[in-house]
Amino acid sequence: MSVSSSGRVSLDEQWEVLRRGVEAIVPEDEFRKKLERSIASGVPLRVKYGIDPTGIDVHLGHTVPLRKLRQFQDLGHTAVIIIGNYTALVGDPSGRDETRSSLTEEQVAVNAKDYLRQVGRIIDLDRAEVHHNGDWFSTWSFLDVLDLMRHMTLGQMSAREDFAKRLKAEKPVYLHECLYPLMQGWDSVEVKADVELGGTEQLFSLLVARSLQQSESQSPQVALTMPILVGTDGTRRMGKSLGNYIGVAEDPVTQFAKVMSIPDEPMRQYFTLLTDLPIAEVDALLAPGLNPRDAKEALGKAIVTQYSGSELADHAASEFRRRSSGEDPTEIPDITIPRDGLDPDGRLAVPHLIVALGFESSTSNARRTIEGGGFNYGPDRVVTTDVKERIEVVDGLLVRVGKKKIARIKLG
RNA sequence: GGGUGGAUACCCAAGUGGUUAAAGGGGCCAGACUGUAAAUCUGGUGGCUAUGCCUUCGCAGGUUCGAAUCCUGCUCCACCCA
């Protein structure tokens with residue numbers, strides 16, 4: 001992007017970058033004005049993003065708003081990260097069809113540290129402001145809480161889709177959950193946010209902040225919502241508990257393989273939200289008639305590169321090609337099998353071998369896999385479906401279960 | 001405080017005395033196909049020293065030749081009325 005003589009990026013260029021992939025900007029004209037004012041005055045916008053330290057694995061779904069925040073940073077604006085160590089005690093009800101299990105303060109404190117480390121892979125933390133909302137909430141008196149609660153009615157609260165759904169389904173809505181959007185909104189007051197980022201389902205909370213800010217005579221923030229990234233199953237939102245996520249801390253080969261396993265349909269969404277590839281290039285890759293495989297490979301490389309560099313991304317891609325063409329991966333983990341677990345003649349029943357390697361959780365399970373033809377060994381990939389077979393276990397023996405599990409045996 | 005309904009395997013959910021290790025669906029695993037996937041098809045989805053044995057339907061007792069199913073107590077959950 002070109003930088004004007006004043007050292008600032010022009011409005012149109014900022015607009016172009018910032019609106020990419022965005023679901024909604026509420027209200028849009030206010031956002032434009034804020035940008036204009038910022039450019040004219042040289043005062044960066046304060047862009048807030050809140051994270052509740054509820055888990056530990058940051059996945060690509062989380063990176064959607066984080067990447068947007070990074071774009072703001074790169075345009076000279078100020079990233080204001082709120083670690084929601086107090087909101088985490090409540091549990092965000094947004095988009096949930098049940099109450100979140102609440103965490104203890106200790107858990108939250110541990111998670112928060114870990115979170116920042118992971119977030120640092122996307123955000124330049126040296127240039128970001130980081131706040132914990134417990135810093136202010138922990139000092140509050142009961143009267144302060146009452147005053148906060150005055151800002152919203154039961155009707156407003158129960159109108160939100162997630163609560164309404166639960167009420168209809170006769171599932172519980174706890175009162176403390178109602179506090180959540182108010183707390184999140186108050187964070188915006190504390191940090192004087194100009195813009196707040198969030199997922200689509202966050203819109204309600206993002207708008208609560210506007211009215212709280214106005215009541216405190218602040219200029220209300222603009223809500224900028226990002227679409228919810230679908231998971232590797234291509235249908236449901238990406239989430240740890242759904243097992244359809246790609247973690248930012250996962251190794252390159254796994255990340256790449258997971259990207260390749262997504263259905264074709266969400267590819268455009270992934271390109272738009274997870275890469276900086278110009279849209280024109282994306283269009284070219286996804287043009288009808290081309291093998292979607294190639295587009296997906298480009299996508300996988302682009303994503304893995306962000307976390308591990310292009311060298312490792314290329315390596316991951318070639319590994320994947322090897323494996324899908326039926327070859328073994330270049331790097332096969334050694335797994336030690338204790339010698340004294342073997343028969344006097346150095347043999348071991350196949351189900352026990354599989355369990356010893358950690359490929360199956362029980363011998364019963366291992367038997368089923370074997371009977372289904374999911375087990376083979378040696379360079380010639382000898383398949384046996386006989387659960388009673390005892391194979392000779394020697395150093396360096398290759399053992400495979402399914403397509404993904406492979407190990408080289410080391411006798412110990 | 002009163003009332004009603006509920007708790008079954010990873011999840012949802014059938015089953016109200018005996019071919020019930022427990023229907024069906026989802027998810028997951030394996031196999032076939034493929035573009036790597038998706039879709040589709042096939043098989044599987046409590047454990048074990050394995051053609052037999054052991055354990056499981058909220059918890060603890062009881063009735064019975066036999067209980068997920070009947071009885072008693074308990075725990076937990078939801079909704080409704082106050």
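Chain letters run A, B, ... following the sequence lines, proteins first, then strands; residues in each count from 1. Keep in mind it's a predicted model, so treat the numbers as computed, not measured.
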Problem - Nucleotide B:rA37, atom C1' - distance to CD of A:Glu265 in whole Å - result: 10 Å

Problem - C1'-based separation of B:rA78 from B:rG73 [nearest Å] - result: 22 Å

Exercise for the section: Would you list the pairs meeting side chain to side chain donor-acceptor pair (under 3.5 Å) in which at least one residue belongs to residues 276-286 of chain A, sequence neighbours left out? Expected result: A:Arg67-A:Asp276, A:Arg268-A:Asp283

Exercise for the section: Rounded off to whole Å, could you give me the CZ-to-P distance for the A:Arg400 and B:rG31 pair? Expected result: 12 Å

Practice task
Return each pair, listed once, that meets side chain to side chain donor-acceptor pair (under 3.5 Å) where at least one residue sits in residues 130-139 of chain A; pairs must be two or more places apart or across chains.
Solution key: A:Thr87-A:Asn133, A:Glu129-A:His131, A:Asn133-A:Asp187, A:Trp136-A:Asp187

Let me have the donor-acceptor pairs involving side chains of residues 337-347 of chain A, under 3.5 Å, with sequence neighbours excluded, atom names and distances please.
from     : atom 1 : to       : atom 2 : distance (Å)
A:Asp343 : OD1    : A:Arg390 : NH2    : 3.0
A:Asp343 : OD2    : A:Arg390 : NE     : 2.8
A:Asp343 : OD2    : A:Arg390 : NH2    : 3.0
A:Arg347 : NH1    : A:Arg390 : O      : 3.0

Problem - Base B:rG27 to side chain A:Asp233, donor-acceptor N/O within 3.5 Å cut-off - result: no

Practice task
Could you name each residue pair satisfying ring-ring contact (aromatic ring centres under 6.0 Å, His included) that touches residues 260-310 of chain A, not counting sequence neighbours?
Solution key: none

Exercise for the section: For B:rC12 and B:rU63, measure between their P atoms and round to the nearest Å. Expected result: 34 Å

Fill in the blank from the handout: Within residues 372-386 of chain A, those residues having any heavy atom closer than 4.0 Å to RNA chain B are A:Gly372, A:Gly373, A:Gly374

Handout entry: Sequence-aligned protein contact record of nucleotides 46-56 of chain B, with B where the base is within under 4.0 Å of a protein heavy atom and S where only the sugar-phosphate is
Key = -SBSB------

Practice task
Using both distances under 3.5 Å as the test, list the Watson-Crick or G-U wobble partner of B:rU40, or none.
Solution key: B:rA32

Exercise for the section: Report the residues that fulfil ring-ring contact (aromatic ring centres under 6.0 Å, His included) with A:Phe320, sequence neighbours left out, ordered by chain and then residue number. Expected result: A:Phe256

Problem - Results of ring-ring contact (aromatic ring centres under 6.0 Å, His included) for A:Trp140 - residues two or more places apart only - result: A:Phe137, A:Trp186

Problem - Euclidean distance, atom CZ of residue A:Arg321 to atom C1' of B:rG35 [Å, nearest integer] - result: 10 Å

Exercise for the section: Find the distance A:Asn244:CG to B:rG27:P and express it as a whole number of Å. Expected result: 12 Å

Exercise for the section: Starting from C1' on B:rC28, measure out to NZ on A:Lys405 and report it in whole angstrom. Expected result: 11 Å

Problem - A:Leu154, CG: over 12 other non-hydrogen atoms inside 6.0 angstrom - result: no

Problem - Which residue lies more 5' along RNA chain B, comparing A:Thr232 with A:Glu360 via nearest heavy atoms - result: A:Glu360

Exercise for the section: Quick one: look up who B:rU64 pairs with, Watson-Crick or G-U, both distances under 3.5 Å, and put none if it's unpaired. Expected result: none

Practice task
Give a yes or no on this: more than 12 heavy atoms of other residues, nucleotides or ligands lie within 6.0 Å of atom CD of A:Glu327.
Solution key: yes

Exercise for the section: Pick the C1' atom in B:rA22 and in B:rA9, then give their distance to the nearest Å. Expected result: 9 Å

Handout entry: G-U wobble or Watson-Crick pairing nucleotide for B:rG24 (cut-off 3.5 Å, both distances)
Key = B:rC12

Exercise for the section: Between B:rA13 and B:rG62, how far apart are the C1' atoms? Round to whole Å, please. Expected result: 30 Å

Handout entry: Same-atom distance (C1') from B:rU34 to B:rG26, integer angstrom
Key = 24 Å

Problem - Strand partner of B:rG58, provided both Watson-Crick or wobble distances fall under 3.5 Å - result: B:rC74

Exercise for the section: Write down the distance between NZ (A:Lys258) and C1' (B:rA38), rounded to a whole number of angstrom. Expected result: 18 Å

Exercise for the section: Determine the interatomic distance between C1' on B:rU49 and the same-named atom on B:rG44; round to the nearest Å. Expected result: 23 Å

Problem - Length of the line joining A:Lys404:NZ and B:rC28:P, which is rounded to integer Å - result: 10 Å

Let me have the donor-acceptor pairs involving side chains of residues 405-412 of chain A, under 3.5 Å, with sequence neighbours excluded, atom names and distances please.
from     : atom 1 : to       : atom 2 : distance (Å)
A:Lys405 : NZ     : A:Phe359 : O      : 3.2

Practice task
Please state the P separation for the pair B:rG43 and B:rG52 - nearest whole angstrom.
Solution key: 24 Å

Exercise for the section: Hey, could you give me each pair passing ring-ring contact (aromatic ring centres under 6.0 Å, His included) that has a residue in residues 380-412 of chain A? Not counting sequence neighbours. Expected result: none

Problem - Short side-chain donor-acceptor distance under 3.5 Å, A:Ser10 and A:Glu13 - result: yes

Handout entry: Donor on one side chain, acceptor on other, A:Gln255 and A:Lys258, under 3.5 Å
Key = no

Give me the distances for all protein-to-nucleotides 21-25 of chain B N/O pairs that come in under 3.5 Å?
none

Practice task
Rounded to whole angstrom, note down the C1' distance from B:rG2 over to B:rG15.
Solution key: 32 Å

Handout entry: Residues in side-chain contact (heavy atoms from CB on, under 4.5 Å) contact with A:Thr305, at least two apart in sequence or another chain
Key = A:Ser310, A:Ala313

Handout entry: Pairing nucleotide - B:rG1, Watson-Crick or G-U, each distance under 3.5 Å
Key = B:rC81

Fill in the blank from the handout: Separation of B:rG27 atom P from A:Arg237 atom CZ, nearest Å, is 19 Å

